[in-house]
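Order of listing sets the numbers, starting from 1, for every ligand and every atom in it.
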Amino acid sequence: MTCSPVWHPFTQHALEPVMKRIAKTEGAYLVDEDGAAILDAISSWWVITHGHRHPVIMDAIRRACETYDQVIFAEYTHEPAEELARGLIEVAPAGLKHVFYSDSGSTAVEVALKMALGFFHNTQKPRSRIVVMEHSYHGDTIGTMSVGERGVFNAAYEPLLFEVDRLPFPTIGEEQATLDAFEDACRSGEVAALLIEPLILGAGGMKIYRASLLTELKRIAERYGALMIADEVMTGWGRTGSLFACEQAHVTPDILCTSKGLTGGALPLAATICSREIFDAHLSSDRRKTFFHSSSYTANPIACAAAVANLKIWKTNPVGERIAKLAERQSKGLSRFEGDPRFDNIRQIGTIAALDLVVPEGGYLSEVGPPLRAFFRKRRLLIRPLGNVIYLMPPYCITADDLGRSYDAIGEAAGLLAAGRL
Ligand SMILES: *Cc1c(COP(=O)(O)O)cnc(C)c1O
């Protein structure tokens, strides 16, 4: 066994087998050091949208490399960032007017929280309560863990996390309880923002709720002068069927966070897009009202060029049709398990399909997780269940055959589990 100094994310090295090296990526595949093609059925942690190494994005990166590396983003600007910002404003929900760049989903959310508190600090009576939904996930920094679900992931860091108000998850038919809880929280007059993953909570277990709930929550927020922050880090760029999930609820949030699919998944980049009011609250001859945030690699020109290329693909290719086709294939795939007692909560939104394996012990640390992963690995499929929740979130270029093969493997895994042979 070779001993690597690398410490991998969300990895228990004492239990994990030696990792294969990926030598190449192509379309829906990762090709390992032995030349085996592994189907990337979860888009390499939800970032790859069109497919690995899309030629338009790779060309844009290559071209950008001829003239840029990192450029300071205060005092100076550059065309890739300007062009991208204009393009983002064009495709984002109407009313979002300003773009702040950072480099990951977590930082996009941190920036959004700081914008929200800065807005109230600079304009009126400061507010600092943040309201979130049960089971939400917004990242792994101290701030974003604070606003996410508490559990095994962050138990050790609990003493450093700040308190937030939590709404019950709106299961279908029980939405009123969520709306009431939000309105109750708002009555204090201290709620700065509702931070929410629109339509589906990703890492919390692919939990889907009705679009109308989001519309109602926005109405309540407006009534009480609270902001809505939409964390579209996972849902953005077509995953739920529309470019942004908010569109399906006809909602313009006050702040929208995007990252993962922003560059088609090729390079790290994030944007926090906000309304004019939030920008204007920081606009003043009083320098204390400046938005005090930056990271060294803010608006990396090469990453921005990759994102501009992604926008171009959305404009010139039938991405919407591809997504609709994939959604249709996902529902066909799921339909094989309809009424199958080995599965529960079969669900789908747009290109994302999920189902729960019926096991005695669910949750993220469910015993079934590691053997399931090992089984899928043997089948040359990259599928990483969230505990007993199996989901497929493939790149849009996946073929019907490859998607079918993924569903075959899910059925086979359930069979082995039932027979005690997983
Ligand atoms: C992945 C994710 C994040 C964090 O993004 P990173 O780039 O991993 O920091 C935040 N919010 C949601 C909804 C996510 O799915």
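Between Ser106 and ligand 1, at least one pair of N/O atoms sits closer than 3.5 Å.
Contacts with ligand 1 closer than 4.0 Å are made by side-chain heavy atoms of Trp46 only, the backbone lying farther away.
One side chain, Thr141 or Glu110, offers a donor N or O that lies under 3.5 Å from an acceptor on the other. Under 3.5 Å, the side chains of Tyr407 and Gln330 contain a donor-acceptor pair of N or O atoms.
Residues satisfying the side chain to side chain contact (heavy atoms under 4.5 Å, CB included) criterion with Glu222, sequence neighbours excluded, are Lys218. Under the side chain to side chain contact (heavy atoms under 4.5 Å, CB included) criterion, Thr11 pairs with His8, His13, Glu16, Met19, not counting sequence neighbours.
Heavy-atom contacts of Ser104 reach the following atoms of ligand 1: 7 (O), 9 (O) (cutoff under 4.0 Å). Using a 4.0 Å cut-off to heavy atoms of His138, the atoms of ligand 1 that qualify are 10 (C), 11 (N). For ligand 1 and Gly105, the ligand atoms under 4.0 Å from any heavy atom of the residue are 4 (C), 5 (O), 6 (P), 7 (O), 9 (O). With ligand atoms numbered from 1 in the order given, ligand 1 contributes 13 (C) to contacts under 4.0 Å with heavy atoms of Glu197. Close contacts between ligand 1 and Met234 involve ligand atoms 15 (O) [criterion: under 4.0 Å to a heavy atom].
Between Gly202 and Trp46, the shortest heavy-atom distance links the atoms C-CH2, 3.7 Å.
The nearest protein heavy atom to atom 11 (N) of ligand 1 is closer than 4.0 Å.
Nearest protein neighbour of atom 13 (C) of ligand 1, counting heavy atoms only, is Asp231 OD2, 3.3 Å.
By the 30° and 60° cut-offs, the orientation of the rings of Tyr396 relative to Trp314 is perpendicular. Between Phe291 and Phe100, the angle of the ring planes goes over 60°, which puts this pair in the perpendicular group of the 30/60° scheme.
At least one heavy atom of Lys260 sits less than 4.0 Å from an atom of ligand 1.
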